[in-house]
Structures are given as C-alpha cells and as structure tokens.
Amino acid sequence: MANVFLSPLLWLVNTVADLYIMIIIIAVVASWLVAFGILNIRNPVARQIMQILDALTEPVFRQVRRIIPPIRGLDLSPIIVWICVELLRIFLNNLILYLMYPR
C-alpha cells in the first residue's frame, strides 16, 4: 500500500532534480552569452528570461559563494550546486526505495 504513495514521490524527486539541473545549465549558458555580447539584455524578452533565471538560481549560488568565492574569476557555485542536487537526489531515492522495499 505504501508503494502507491511512494512511487509518485520518487518520480517527483527525480523530476524536480532534473528540472533544477536544467535551469542551472541554462543559467550558466545564458550568463556566458551575455558576457560574450551574444545576448543583449537590453532586449525586454532576454532581460525577463535572465531575471527569471537569476531568481531561480542566484539565492542558492550566493550561499555557495559565501563559502567558496570565485577563484580567479571562475565561479564554481553552479558545479557545486549541481553536485549537491545530485547527492540529495541519491539520498532521497535511496530513502524512498528503502521505505518501499524494506529489508
């Protein structure tokens, strides 16, 4: 009976983790496009997209930057957040699977 509730939870955990990782990748690529002058943030649509990406990623990145600042201009916070999301996904998957199929 517990599988009925835990199976969708497993799907939700993996879907949210996948979506956030995609958002991280899009935010990093978009920041590169802005830095190289390919994407003009004076364009209202581009500015709106950048604001949304910043709202979704910057609070988490900021917390990581407080601990590990950029090294010679290289910001490692997206990589560290990605690794943390994957570790959290593995932990939650194992926990849910353990609850579904106890030994």
Side-chain angles (χ1 to χ4, degrees):
M1 184 66 178
N3 292 353
V4 172
F5 299 108
L6 293 176
S7 184
L9 183 61
L10 187 64
W11 173 85
L12 181 66
V13 165
N14 287 309
T15 302
V16 169
D18 286 339
L19 286 174
Y20 199 68
I21 288 171
M22 280 192 261
I23 289 170
I24 290 171
I25 293 169
I26 292 168
V28 168
V29 171
S31 72
W32 290 343
L33 293 176
V34 169
F36 291 123
I38 297 169
L39 184 64
N40 185 0
I41 57 173
R42 292 186 191 128
N43 181 331
V45 174
R47 183 174 46 248
Q48 185 70 28
I49 291 170
M50 290 303 295
Q51 287 173 347
I52 291 169
L53 290 172
D54 281 346
L56 291 171
T57 58
E58 197 54 37
V60 180
F61 290 169
R62 191 177 317 116
Q63 297 301 318
V64 173
R65 282 189 209 112
R66 285 178 43 201
I67 299 168
I68 303 171
I71 301 168
R72 295 187 181 223
L74 181 61
D75 185 14
L76 299 176
S77 59
I79 297 169
I80 294 168
V81 171
W82 186 339
I83 291 169
C84 290
V85 168
E86 287 296 335
L87 289 174
L88 185 63
R89 177 206 310 249
I90 292 168
F91 173 76
L92 291 175
N93 281 343
N94 286 335
L95 178 64
I96 293 168
L97 288 172
Y98 177 76
L99 293 173
M100 287 173 71
Y101 307 107
R103 295 177 198 223

Exactly one of D18, V13, L19 should register a side chain to side chain contact (heavy atoms under 4.5 Å, CB included) with T15. Which one does?
L19
Test side chain to side chain contact (heavy atoms under 4.5 Å, CB included) applied to L92 and N94, L88, I90, the passing residue
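With L92 as partner, side chain to side chain contact (heavy atoms under 4.5 Å, CB included) holds for just one option, L88.
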Run the side-chain contact (heavy atoms from CB on, under 4.5 Å) check on E86 and I21 step by step: do they pass?
CA-CA 9 Å; E86 287 296 335; I21 288 171; 2.8 Å; yes
Which heavy-atom pair separates [X] from [Y] by the least distance, and what is that distance?
{"X": "P59", "Y": "A55", "value": "CD-O, 3.5 Å"}
{"X": "R42", "Y": "R47", "value": "O-NH1, 3.3 Å"}
{"X": "T57", "Y": "Y20", "value": "CA-OH, 3.6 Å"}
{"X": "P78", "Y": "F61", "value": "CA-CE2, 3.6 Å"}
{"X": "S77", "Y": "D75", "value": "OG-OD1, 2.8 Å"}
{"X": "A30", "Y": "L53", "value": "CB-CD1, 4.0 Å"}

Is the shortest side-chain heavy-atom distance between R65 and E58 below 4.5 Å?
yes
Would you call I80 and I83 a side-chain contact if the rule is heavy atoms closer than 4.5 Å?
no
For L56, is the CG atom crowded, meaning more than 12 foreign heavy atoms sit under 6.0 Å from it?
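Correct, the count exceeds 12.
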In Å and rounded to the nearest 0.5 Å, what is the [atom1] to [atom2] distance from [X] to [Y]?
{"X": "M100", "Y": "L9", "atom1": "CE", "atom2": "CG", "value": "9.5 Å"}
{"X": "L10", "Y": "L97", "atom1": "CG", "atom2": "CG", "value": "5.0 Å"}
{"X": "I68", "Y": "I79", "atom1": "CD1", "atom2": "CD1", "value": "10.5 Å"}
{"X": "I96", "Y": "F91", "atom1": "CD1", "atom2": "CZ", "value": "10.0 Å"}
{"X": "S7", "Y": "L12", "atom1": "OG", "atom2": "CG", "value": "11.5 Å"}
{"X": "L6", "Y": "Y101", "atom1": "CG", "atom2": "OH", "value": "9.5 Å"}

Checking L33 against M50 for the side-chain contact (heavy atoms from CB on, under 4.5 Å) test, could you report, in this order, the C-alpha distance in whole Å, the side-chain angles of both residues, the deciding distance, and whether it holds?
CA-CA 11 Å; L33 293 176; M50 290 303 295; over 6 Å; no
According to a hydrophobic-cluster definition based on side-chain heavy atoms being under 4.5 Å apart (Ile, Leu, Val, Met, Phe, Trp, Tyr only), do [X] and [Y] belong together?
{"X": "V45", "Y": "I23", "answer": "yes"}
{"X": "I25", "Y": "V60", "answer": "yes"}
{"X": "M22", "Y": "V28", "answer": "no"}
{"X": "W82", "Y": "V16", "answer": "no"}

Test side-chain contact (heavy atoms from CB on, under 4.5 Å) applied to W32 and L39, step by step:
CA-CA 9 Å; W32 290 343; L39 184 64; over 6 Å; no
